[in-house]
Protein chains: 2
Amino acid sequence: MKLENIEVTSTSEEHLPSGCAAVRAVLSRVGDKWTVLTVITLAQRPYRFNELKRSITGISQRMLTLTLRSMERDGLVSRKVTPSNPPRVDYELTGLGHSLRAPLQSLGEWAFKHFHTIEQSRAAFDKLL
Amino acid sequence: MKLENIEVTSTSEEHLPSGCAAVRAVLSRVGDKWTVLTVITLAQRPYRFNELKRSITGISQRMLTLTLRSMERDGLVSRKVTPSNPPRVDYELTGLGHSLRAPLQSLGEWAFKHFHTIEQSRAAFDKLL
DNA sequence: CGGAATCCATGTCGATACTG
DNA sequence: CAGTATCGACATGGATTCCG
């Protein structure tokens with residue numbers, strides 16, 4: 001179940017729809033900036049809705065709602081409602097959500113290590129146009 | 001995916017503003033399924049344009065062009081033109097492009113390990129609606 | 001063969017307003 | 001406080017056509 005399997009699905013004659021679908025599903029989730037920022041934020045402790053909204057600068061109420069909904073659907077976060085007045089809803093990373101931190105971290109480290117090179121490459125490329 | 005002009009106020013190990021910008025830039029690239037599939041395909045050997053188009057099932061000519069262009073701009077792939085008849089253009093992963101494979105692999109492994117759980121979670125979630 | 005350019009459908013997202 | 005509903009702007013991406 002290593003990368004070789006994934007490579008096979010996209011490069012050999014045999015196409016495994018389930019594998020491709022899984023990879024794409026994960027990537028579309030990980031590629032979403034709001035999902036990532038939410039994971040990073042919730043990695044520390046549970047947050048309430050507006051608390052998250054304040055922490056994740058720039059996110060709209062709509063996108064936070066949609067992001068949390070789909071993350072809950074995927075089992076990445078849990079939603080705890082306390083029917084008080086005012087109402088209180090806490091969001092928390094599940095075990096699955098926490099397990100996503102490690103691969104995210106390796107990606108983050110790659111970014112940190114190479115983004116300077118990438119920026120220079122971009123500048124050089126754009127200079128020729 | 002536009003990821004510019006975002007401020008993150010959450011705290012984590014890699015939380016410097018520059019680091020956050022780098023992470024977002026990388027994620028916007030990794031989140032693009034065509035970029036990932038291109039990296040995976042080119043991981044094995046150089047490919048020609050239409051060869052890539054055939055290997056990456058479902059990609060349109062337009063998206064392949066755009067994907068290769070931006071990857072070249074970022075220094076992830078190199079483009080070698082052989083002015084013959086018919087013209088020949090080879091694309092190849094650069095060292096930087098190859099270095100992206102490792103973090104991508106950890107993400108792919110996460111996907112393989114957990115996509116069953118995620119699908120079940122989705123089914124269970126949707127059942128309640 | 002390896003593109004570039006155009007058209008157009010669909011999707012994504014932010015702003016705003018309203019609700020329990 | 002924690003959402004839902006709606007709208008319009010903009011980005012994405014496929015299909016098609018043309019070209020050296």
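Letters go in sequence order (proteins before strands), and every chain restarts at 1.
- Taking the salt bridge (charged side-chain N to carboxylate O under 4.0 Å, His left out) definition, one finds that B/Arg122 meets it with A/Asp74, sequence neighbours left out.
- Recorded end-axis angle for the helix from C/dC1-D/dG20 to C/dG20-D/dC1 stands at 40°, based on five pairs per end and rounded to 10 degrees.
- The shortest distance between side-chain heavy atoms of A/Leu68 and A/Arg79 does not fall below 4.5 Å.
- For the pair A/Leu64 CG and C/dG14 P, the computed distance is 11 Å after rounding to whole Å.
- By the 4.0 Å N-to-carboxylate-O rule, B/Arg88 lies too far from B/Glu51 to be salt-bridged with it.
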Could I get a table of every N or O pair under 3.5 Å where one atom is in the protein and the other is in nucleotides 13-16 of chain D?
from	atom 1	to	atom 2	distance (Å)
D/dG13	N7	B/Arg62	NH2	2.8
D/dG14	OP2	B/Ser60	OG	3.0

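- Between A/Arg54 atom CZ and D/dA2 atom C1' the separation is 12 Å, expressed in whole Å.
- Salt bridge absent: A/Glu92 and A/Arg48 never bring a charged side-chain N and a carboxylate O closer than 4.0 Å.
- Here D/dC1 presents its P atom at 16 Å from OH of A/Tyr47, a figure rounded to the nearest Å.
- Atoms NZ (A/Lys80) and C1' (D/dA2) sit 17 Å apart, rounded to a whole Å.
- A donor-acceptor pair shorter than 3.5 Å cannot be found between the side chains of A/Ser55 and A/Thr41.
- Listed nucleotides: C/dG3, D/dG20, D/dA2. Nearest to the side chain of B/Tyr91: C/dG3.
- When each of D/dG20, D/dC1, D/dG3 is scored by its nearest atom to the side-chain atoms of A/Val89, the top-ranked nucleotide is D/dG3.
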